[in-house]
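What follows is one structure encoded as C-alpha cells, with my remarks underneath.
Every chain is numbered from 1, with letters handed out A, B, ... down the list of sequences. These numbers come from a predicted model, not from an experiment.
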Amino acid sequence: MNDKVTNILVVGIGGQGVMTATEILAEAAIALGNDAKKTEVAGMAQRGGVVSSHLRFGAKVLSPQIMPGTADLLVGFEAAEAMRWCHMLKAGGPVLMNTARLVPPVVDIGLYDYPRDPIGEIESRGFEVHAFDALAIALELGDVRLGNTVMLGSIADHLPFPPQMLLDAILRRFSARKPHMVEMNRKAFEAGRAAVKTTGRS
Amino acid sequence: MAAATPQLVPQPANSRLLLSGNEAVARAVWESGCRVAAAYPGTPSTEMLEVLSTYPDIYTEWSVNEKVSLEVTAGAAFAGSRSFCAMKHVGMNVASDALMTLTLTGVIGGLVIAIADDVGLSSSQNEQDSRYWGRFAHLPIFEPADSQEAYEMTKLGFALSEKFQMPVIVRMTTRINHVKALVTVGEREEHAAAGFKKEPARWVMAPSGAAKRIPLMFERNEALRAEAEVSPLNSIETGKDKRAGFIASGPAWMHVRESFPDAPVLKLGFSCPVPVEKIRAFAATVDKLVVVEEVEPLVEMEIKAAGIACFGKDILPRQGELAPNILKPAIAKFLGEPEPQGLTPPARITPAQVFPRPPTMCVACPHLGVYYTLSQIKNVTIAGDIGCYTLGAGHPWNALDTTISMGASMGIALGLDKGRAESEKDKRILAVIGDSTFMHMGMQGLLNMVYNRGNVTVLLLDNRAVGMTGGQNNPGNGRDIHNQEAPRVDFAKLVEALGVKKERIHVVDPYQLPVLFKTLREEIKVPEVSVIITNQPCVLIDDYKKQRPYAVISDKCTGCGNCVEVGCPAIHVTRREKVIKPSGKEVELQFVNIETAACTGCGLCVQPCAPEAIVHADPARTVRLVKH
C-alpha cells in the first residue's frame, strides 16, 4: 500500500441509499487494511435534499473532506447531482452516473429549470462519463431495490483494488441481514459492471 | 404496536470498527460503566442516545427537553452513578439553567455532557460555539478530532469528572458526530453507584450555601488549568516550516495537519481552561502563531489577554468549517505566498449552475394538508416552530412567518397579537407547533397565552414522533426509547388542563381538507385561544399505513395546478401552457402526472382536483417501493 489517499465522492438525494453505498465502499477499503474516513454533507437530507458522501482511504487519513478538484472518482445516483458535484473531480476524472432524473418540487412549480443535458455539461469539462439507467437495470432483474448494488457494480472496475473485494463487502452485508438477497445482489453487481463496459469511454 | 428495539450484542474488545463520532461516544459511555443516560433528539447529536439505547446494562431515556435530560443525569450522578447526557448546541441553551448551578454542587458519579455544535448549520437555526459554556460555567472542555478521540475523551471525561467531582463537557461538531472512522474499542468496566448522601450545604443551592461553593469552583478551575498544562491531550507536533505555528482543536486540527504537513502544531484536546503556559512555550518556537478554532475566537482572546501575540479570526473566517479549501488560501495569503495551485479555478472546479434542491416534505406527509389549507387563508400571520413543519415557510405554501427556537411559536404569536399595529386589527394570528416541540418547550407558552387572554389559533401538529430527527418516540406516541409501551399523553386533555376552553379544542384529520379548512376558518374568527390538533402519523414511522396509490388521467387534466399547490413531491408538472382566459387574463396551465411508485395514496391531491382527473392507479402498473 502506498501513501496516496484515494478520494471517492458519492452523490445523490436523500433516501436514495447514497450513504449506505459509501459505507459499503468504506468496508471494502478497510478489509484491505486501509485507514478510512467517511463524511456527509447531508443537512436535512432525509427530506429529499442534496447528499454528498465523501470517502477517503489510504495508509492514514487526516481530514475527512475531499477538496474541490481532487476526487479520484465521482459516483452520481442522479443526473443533475452528478453535474452539481463534478467540479470536485480531478482533471479528466471518471464519472459513473445513473441517468435517472429526479425532479424536485422547486422545478415542478416552475421556479427553476432542470438542466437540459447534464451528461453533456459534465463532458464539456473534460471528464470521462459513464452513464447508464440503474433503475431500468434493477427492474430488469426484478427488484427496484437492486439499484444501489447496480451502482456499486458500476464502480468496481474503477477502484484501486480488485472488484471482488467490493462484491465481498456487499455480500457480507446481505448474508448477515438478508441471505435470500445474496444471489440477486451478485447479479446486480455484475449487471452494473457490464453496464459501464457497454457504455465505454465517451 | 411496533416491535421492541432489538438489543445489541456489543462487539468484543479490541475490535476495530467503523464508527461515527456518535457511535464511538455511545460505545465509550457503555464501556465506562455508565448507568443512566438521557437526551432529547437533535441533529447532529441524536445517534448518541439512539445507539446507546441498544446497549445492555444501562438505563436510557428520551427526555422531553435538554434541561430535563441534564437534570435526570445530574440526579443519577448525585446518587453516585456514572451518567451521560447528549444534546445539540441549542439544547444547552435550554439546559444551561441547570448547568450553571450544577457547576457549584458538582457530582459524585462521573457526569459527561456531550454537546454537538452544528458548525456549518447543516440542520439548525443558528451556529453556536459551546466552548463558551466551559468559560461561563467554569467546567473543563474536551475537543475530539475524530471518532477514536471521541471514544477516548469520553472515557477520560468520566475519570476527570470523578477526580474533580464536576461535570465534564465533550464538545463535538457535525464533522465528528457524523463522520465514520475506525475505532479500536475496549472492555466494559463496572461502576456501582455509591448512593445518595444527604448534605444540604452541597445539594441545596440556596444563597448562603451557593455563596460558599463559588470560591471552591474557582479553586477547582485553577487546578483544572494545571491539569490542562500537563495533559497528554494537549500535544505538540514539531515541524520544520516554522514560519507559522498552529494551535488547533477538534476537526480543525485534522484540517491543519492535512493542509500544512510541515508546520509545527499544538493540538488542544483539553482546551478549557486554556493551558496558557504550554501555549506560551510553543509560541516561542515559531515565527508567527495562528489559532485555528471553530467558530469563535475563544482561545485566541484568552491567550492574547495573557500577552501572547497571535493571529486568528483576523485572517480566518468566523463562521463555518475551517476545511483545507478555506485554510490553504488564507494562510498562503498570510505568509505572502502566491495562491496555492489547483485550489482556485481552472473552470472545471467552479461548481456547475444547478437548481437548488432544498429539503422537502415527504410524499403524503400529513403536514401537507395543513400547509395547503393555511396557504389558502388570507390576512393571517403564522408563528412557526422547529421541526419538519418549518419547511412550510417554503414553496409552494409560503405559510409560515417566523421560526426562532423550540416552542417560540407560542410566545411570538401572543406578542404578535398584543403588539399588533392599528392597521392589523383584523389580522388573524396563528401558531403552528409539532407534538414534540410542544412538549419540549411549547406547553408553558400555551399556558401563558391562555392565562393572558391571547387571541391566537394554535395548530398542534401531532404526528406521533420527533419527525425531523428520524421519528424518535416521545410521550405523545406512548412508546419509550426501546419502542416499548409507555404512558401516552392525551393532547386534547392536556391543552384543556392548560385552560383552553373545551369547545375551542378540535381534533382533526389533516387529510380531510374540507373539515380542516372549515374548522380553521371558524376558529380564527373567535377572539380567544383555540387549539386544532391534527392526528395523523409521520409517514416515516410504523404507525403510517400506505394506501393504494393514485395516477392522473392525462386526458382529463385541465392544467388548473390546484394539486401542485399541495406541494407533494410525487406530483410532477409534465407540461406548461400559457392561455388567455375569457376574462382576458393570461394564466399558465400546469399539466401533471403522479409518480405512482412513490405515491402512498393519502388522497390530498384528489380533493382540490376539479375535473376528477386523479384516480387510483391500475395495480398492475404500480411498483412496490420498499426500503432496504
Side-chain angles (χ1 to χ4, degrees), chain A residues 13-15 17 20 22-23 26-27 30 35-50 61-65 67-70 80-81 83-89 91 102-115 118 121-122 125-127 139 144-145 148 178, chain B residues 16 18 43 120-123 146 175 178-182 251 254-255 257-259 321 323-325 328 342-343 346-362 388 391 395-396 468 470 540 564-565 567-569 571-573 576 588 590 592 597 623-628:
Chain A
I13 72 167
T20 310
T22 317
E23 185 146 340
E27 285 167 4
I30 290 164
D35 185 21
K37 283 184 178 163
K38 167 186 167 281
T39 185
E40 277 89 26
V41 182
M44 303 188 285
Q46 189 165 18
R47 315 284 166 256
V50 175
V61 179
L62 294 167
S63 170
Q65 282 155 282
M67 292 302 116
T70 69
E81 293 310 316
M83 178 179 156
R84 187 192 305 280
W85 295 105
C86 71
H87 67 286
M88 298 292 285
L89 263 178
L102 299 179
V103 177
V106 290
V107 170
D108 277 316
I109 59 180
L111 294 173
Y112 295 92
D113 291 321
Y114 195 95
E121 289 278 345
I122 299 169
R125 291 177 177 226
F127 299 118
L139 286 174
V144 65
R145 289 174 293 174
N148 285 2
K178 291 166 185 163
Chain B
R16 199 151 159 73
L18 183 67
T43 309
L121 291 94
S122 72
S123 186
D146 65 7
R175 198 60 73 182
H178 284 174
V179 170
K180 289 209 170 189
L182 288 167
M254 290 289 181
H255 300 322
R257 293 262 287 121
E258 178 87 33
S259 307
E321 291 184 281
N325 61 329
K328 281 189 183 177
L343 278 167
R348 76 174 163 83
I349 62 168
T350 310
Q353 289 302 308
V354 181
F355 56 81
R357 199 189 283 274
T360 62
M361 303 265 197
C362 298
C388 297
L391 297 171
H395 299 295
M468 191 90 232
L540 299 178
V564 178
E565 287 175 26
C568 177
I571 299 174
H572 297 293
V573 175
R576 294 173 191 283
E588 189 182 64
Q590 305 177 85
V592 300
V623 180
R624 198 166 61 100
L625 260 197
V626 189
K627 270 196 189 166
H628 263 287

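- With chain A as the partner, the residue from B:C568, B:P396, B:P356 showing the most heavy-atom pairs under 4.5 Å is B:P356.
- With a 4.5 angstrom heavy-atom cutoff, B:P251 does not touch chain A via any of its atoms.
- In this structure a side-chain-to-backbone donor-acceptor pair under 3.5 Å is present from A:D35 to A:V61.
- Your options are A:G126, A:A26, A:P104, and the one with the most heavy-atom pairs under 4.5 Å with chain B is A:P104.
- Separating the OG1 atom in A:T39 from the CG atom in B:D146 is a distance of 12.0 Å, to the nearest 0.5 Å.
- The CG atom of B:L182 sits 12.5 Å away from atom NZ of A:K38, with the distance rounded to the nearest 0.5 Å.
- Ranked by non-hydrogen atom pairs under 4.5 Å with chain B, the options A:Q65, A:E121, A:E23 are led by A:Q65.
- Note on B:R16, B:Q353, B:E588, B:K180: by heavy-atom pairs under 4.5 Å with chain A, the leading option is B:K180.
- Only the side chain of A:V106 comes within contact range of chain B, with at least one heavy atom under 4.5 Å from a heavy atom of that chain.
- Ranked by heavy-atom pairs under 4.5 Å with chain A, the list B:E321, B:M361, B:Q590, B:R576 is led by B:R576.
- Looking at B:H178, the atoms closer than 4.5 Å to chain A (heavy atoms on both sides) all sit in the backbone: N, CA, C or O.
- A distance of 9.5 Å separates CZ in A:F127 from NE2 in A:H87, rounded to the nearest 0.5 Å.
- Partner of A:S63 under the side chain to side chain donor-acceptor pair (under 3.5 Å) criterion, chosen from B:R175, B:E258, B:H255: B:H255.
- In terms of heavy-atom pairs under 4.5 angstrom with chain B, the leader among A:P118, A:P115, A:P64 is A:P64.
- Within the 4.5 angstrom heavy-atom criterion, no atom of B:E565 approaches chain A.
- Using a 4.5 Å cut-off between heavy atoms, B:I571 contacts chain A through its backbone alone, with no side-chain atom that close.
- Within the 4.5 angstrom heavy-atom criterion, atoms from both the backbone and the side chain of A:I109 approach chain B.
- Distance check: A:N148 CG to A:T20 OG1 gives 7.0 Å after rounding to the nearest 0.5 Å.
- Taking CD from A:E27 and OG1 from A:T22, the interatomic distance works out to 11.0 Å, rounded to the nearest 0.5 Å.
- Neither the backbone nor the side chain of A:I122 comes within contact range of chain B; no heavy atoms are under 4.5 Å apart.
- One N or O on the side chain of A:Y114 and one on the backbone of A:A80 form a donor-acceptor pair closer than 3.5 Å.
- In terms of heavy atoms, A:P68 sits closest to A:M88 at CA-SD, 3.7 Å.
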